[in-house]
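Okay, here's the structure, questions in a sec.
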Amino acid sequence: MNQQQNVPIPPTALTGLHHVRLTVTDIERSKAFYAQLLGIDPAIDFTDETLDSDVRNDPHRFFGGCTFAFNDNLLGLRPVGKPGDRFDSTRVGLDHLSLGVNSMDDLRHASERLDALGIANGGVVELPALGIAVLSFQDPDDINLELVTAIG
């Protein structure tokens, strides 16, 4: 009897996160929020096709959503959330989305900008034990977001 050896398969060499896509309830509202937050328009935008019944089944049209591209990162929005649904970080799935900034000055500037835009936030909080500072806030669907930078 020939037995197959139990040979472990080595992990695949990952290069990092490719993209994150968030489910949203109102694509126009979320697209405007993220465009304002990131300071850019979507690189790919099929939001004008959300009423097309076929678009939700067509991954080539990003399910009627849009994708923002910045540095080597992609952030997509998918408009399939039920109206009135709210994000809950205690359910299985996403807890929060954290985006990096270069410096404390950038983090303070972002806090001032959020304040000027009327976006409630927790202010810049330094966490020396972790070597970071964070600025936490919510998107229109209550998804927890934070901006982070390293501290010396």
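Just so we're clear, the structure is a prediction, and the values are computed from it rather than from any experiment.
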Distance-only donor-acceptor check, side chains Thr90 and Asp88, under 3.5 Å: yes
At their closest point, which heavy atom of Asn144 faces which heavy atom of Phe87, and how far apart are they?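 Heavy atoms only, the tightest pair is ND2-CE2, 3.5 Å.
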Contact check, side chains of Asn73 and His19, non-hydrogen atoms, under 4.5 Å: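 No, their side chains stay 4.5 Å or more apart.
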If I compare all heavy atoms of Cys66 with all of Ile27, which pair ends up nearest, and what's the gap?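 Closest approach of Cys66 to Ile27, heavy atoms only: SG-CD1, 4.3 Å.
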Between the CG atom in Leu145 and the NE2 atom in His96, the distance rounded to the nearest 0.5 Å is 9.5 Å
For Gly76, does its backbone N or O pair with a side-chain atom of Thr67 as donor and acceptor, under 3.5 Å?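 Such a contact is absent between Thr67 side chain and Gly76 backbone.
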Give me the atom names and distance for the closest heavy-atom approach of Ala69 to Leu74. CB-CD2, 3.6 Å
If you measure from OG on Ser89 to CD on Gln138, what distance do you get to the nearest 0.5 Å? 8.5 Å
Yes or no on side chain to side chain contact (heavy atoms under 4.5 Å, CB included) for Leu97 and Val20, after CA distance, side-chain angles and deciding distance? CA-CA 9 Å; Leu97 175 62; Val20 173; 4.3 Å; yes
Please report the interatomic distance CG(Asp26) to CD(Glu28), rounded to the nearest 0.5 Å. 7.5 Å
Residues, nucleotides or ligands: over 12 heavy atoms within 6.0 Å of His109 NE2: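 Atom NE2 in His109 is not packed in, count stays at 12 or less.
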Quick one: CG on Asp85 to OG1 on Thr23, what's the gap to the nearest 0.5 Å? 9.5 Å
Greater than 12 external heavy atoms within 6.0 Å of Asn102's CG: no
If you measure from CG on Asp106 to CG on Leu147, what distance do you get to the nearest 0.5 Å?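 Going from the CG atom of Asp106 to the CG atom of Leu147 covers 10.0 Å.
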Show me the donor-acceptor pairs within less than 3.5 Å that the side chains of residues 116-137 make with the rest of the protein, sequence neighbours left out.
{"from": "Asn121", "atom 1": "OD1", "to": "Gly123", "atom 2": "N", "distance (Å)": "2.9"}
{"from": "Asn121", "atom 1": "ND2", "to": "Asp115", "atom 2": "OD1", "distance (Å)": "2.9"}
{"from": "Asn121", "atom 1": "ND2", "to": "Ile119", "atom 2": "O", "distance (Å)": "3.1"}

Under the salt bridge (Lys or Arg N to Asp or Glu O under 4.0 Å) test, residues paired with Arg113 that sit two or more places apart: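 Arg113 satisfies salt bridge (Lys or Arg N to Asp or Glu O under 4.0 Å) with no residue once adjacent residues are dropped.
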Give the minimum heavy-atom separation between Arg91 and Arg86, together with the two atoms involved. NH2-O, 3.3 Å
Between CG of Leu17 and CG of Asp72, what distance do you get to the nearest 0.5 Å?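 Leu17 CG to Asp72 CG: 12.0 Å, rounded to 0.5 Å.
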Return yes if a side-chain donor-acceptor contact under 3.5 Å exists between Thr25 and Asp141, otherwise no.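 Short answer, yes.
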Heavy-atom closest pair, residues Leu22 and Leu94: CD2-CD2, 3.7 Å
Side chains of residues 34-47: which donor-acceptor pairs under 3.5 Å do they make with residues two or more places apart or in other chains?
{"from": "Tyr34", "atom 1": "OH", "to": "Asp139", "atom 2": "OD2", "distance (Å)": "2.8"}
{"from": "Asp45", "atom 1": "OD1", "to": "Thr47", "atom 2": "N", "distance (Å)": "2.9"}
{"from": "Asp45", "atom 1": "OD1", "to": "Thr47", "atom 2": "OG1", "distance (Å)": "2.6"}
{"from": "Asp45", "atom 1": "OD2", "to": "Lys31", "atom 2": "NZ", "distance (Å)": "2.9"}
{"from": "Thr47", "atom 1": "OG1", "to": "Lys31", "atom 2": "NZ", "distance (Å)": "2.9"}

